[in-house]
Protein chains: 2
Amino acid sequence: MNKKEHLFITFEKLLRVKSECSSSIFSECGLSDITIKQMGYLKAIDECEEVTFSRLAEITRNSKPTITEMVNKFVKMECVYRERSTLDGRIFYIRLTEKGQTIARLERNSLLRLIERMTGSLDEKDMDTLVRILQKVK
Amino acid sequence: MNKKEHLFITFEKLLRVKSECSSSIFSECGLSDITIKQMGYLKAIDECEEVTFSRLAEITRNSKPTITEMVNKFVKMECVYRERSTLDGRIFYIRLTEKGQTIARLERNSLLRLIERMTGSLDEKDMDTLVRILQKVK
DNA sequence: AGCAGTTAGTTAGTCATTGCCTAATTATAA
DNA sequence: TTATAATTAGGCAATGACTAACTAACTGCT
């Protein structure tokens with residue numbers, strides 16, 4: 001087996017672990033049936049500091065009623081909640097619950113779990129070596 | 001910054017590259033709007049040597065008409081084609097086109113592209129070291 | 001202070017697509 | 001002739017989108 005194949009198999013194993021971590025996160029949140037679109041919306045909400053219905057409609061290029069329905073669905077899923085502005089009673093901010101944020105940051109969270117797993121099996125020197133080598137990749 | 005954070009950032013960069021490779025593959029195939037379910041069916045077809053409509057209905061726990069519709073959709077998307085059995089004219093095998101197989105094996109293909117990128121920046125010794133260290137991860 | 005106009009979000013009603021089903025049909029084999 | 005493989009017809013729920021009309025709340029002007 002050549003070096004590329006070795007590398008492929010090694011990374012495949014790591015990615016399988018990460019993918020299992022993603023699945024665990026979804027099922028821990030009871031959201032295994034979430035759609036690609038819904039993931040996209042949660043990420044869009046997470047990327048904003050404070051986001052109103054109108055603003056999210058702008059960002060995602062949807063109508064306001066679409067956002068209302070989407071938010072209602074997310075509220076039922078316990079991913080987001082509304083917070084009324086104290087300055088202007090017409091305005092509601094869309095906020096992620098802890099669960100919503102966990103899912104919005106799924107990539108990050110599953111990678112964190114993988115890194116935990118790695119650091120459990122590697123010593124300090126190995127980690128330094130890994131970082132040193134992988135940083136060369138352009 | 002501690003070693004875990006370093007490792008996180010390093011892997012995040014690699015995974016971003018891989019994710020860009022996945023997106024490129026989808027758009028090269030003109031299939032950026034494929035759904036999670038459809039991906040699952042393509043993988044199921046790919047995992048079988050030879051699969052008929054009835055067999056795929058069994059495997060995926062769906063009715064036969066569901067498979068017919070799904071296959072018709074995939075035929076329009078140029079992901080699969082029918083091949084009539086020479087032994088029994090009632091039987092059709094569901095076969096992946098090249099495009100269908102590329103998508104069914106997306107994980108593999110995007111990882112292959114990432115590995116290509118890595119091997120372009122690393123020397124033989126680095127690759128050996130990577131494999132040696134990463135194989136320790138349980 | 002009070003009304004008119006503007007703005008934020010919601011409701012009602014519609015629509016296309018996906019993904020699934022059962023029942024009936026057609027074509028082929030045994 | 002009967003059984004089997006796949007298809008057609010017709011239906012249904014959920015997702016994800018829209019426009020038009022509405023309600024609630026703020027803003028500005030007299």
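A, B, ... follow the sequence lines: proteins, then strands. Residue 1 opens every chain.
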d([atom1], [X]; [atom2], [N]) in whole Å:
X: I67(B); N: dT8(D); atom1: CD1; atom2: P; result: 15 Å
X: F74(A); N: dT15(D); atom1: CZ; atom2: C1'; result: 12 Å
X: K64(B); N: dA24(C); atom1: NZ; atom2: P; result: 16 Å
X: N72(A); N: dT10(C); atom1: CG; atom2: C1'; result: 9 Å
X: Y81(B); N: dA6(D); atom1: OH; atom2: P; result: 16 Å
X: I36(A); N: dT15(D); atom1: CD1; atom2: C1'; result: 13 Å
X: D33(B); N: dA17(D); atom1: CG; atom2: P; result: 11 Å
X: M70(A); N: dG16(D); atom1: CE; atom2: P; result: 10 Å

Can you tell me if [X] touches the phosphate of [N], counting only side-chain N or O atoms and a distance under 4.0 Å to OP1 or OP2?
X: Y93(B); N: dA6(D); result: no
X: T66(A); N: dG16(D); result: no
X: R61(A); N: dC18(D); result: no
X: R84(A); N: dA25(D); result: yes
X: N62(B); N: dC21(C); result: yes
X: S54(B); N: dA6(D); result: yes

What nucleotide, of [options], holds the atom closest to the side chain of [X]?
X: F92(B); options: dA6(D), dG19(C), dA20(D); answer: dA6(D)
X: R82(B); options: dA8(C), dT7(D), dA5(D); answer: dT7(D)
X: I91(B); options: dA5(D), dT10(C), dA24(D); answer: dA5(D)
X: T35(A); options: dT15(D), dT7(C), dT10(C); answer: dT15(D)
X: P65(B); options: dT22(C), dA8(C), dT19(D); answer: dT22(C)
X: F53(B); options: dA24(D), dC18(D), dA6(D); answer: dA6(D)

Taking the side chain from [X] and the backbone from [Y], do they hold a donor-acceptor pair closer than 3.5 Å?
X: D126(B); Y: I133(A); answer: no
X: T119(A); Y: I115(A); answer: yes
X: T52(B); Y: Y93(B); answer: no
X: K18(A); Y: L114(A); answer: no

### Task
Using heavy atoms to find the nearest nucleotide of DNA chain D for S85(A) and T52(B) separately, return the residue whose nucleotide is more 5′.
T52(B)
#### Entry: Comparing L87(A) and S63(A) on DNA chain D - which has the more 5′ nearest nucleotide
S63(A)
Categorize [X] for me: base, sugar-phosphate, or nothing, with a 4.0 angstrom heavy-atom threshold over every strand shown.
X: K37(B); value: sugar-phosphate
X: R55(B); value: nothing
X: Q38(A); value: sugar-phosphate

#### Entry: From NZ (K4(A)) to CG (N2(A)), nearest 0.5 Å
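CG of N2(A) is found 7.5 Å from NZ of K4(A).
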### Query
More than 12 heavy atoms of other residues, nucleotides or ligands under 6.0 Å from CZ of R117(A): is that the case?
no
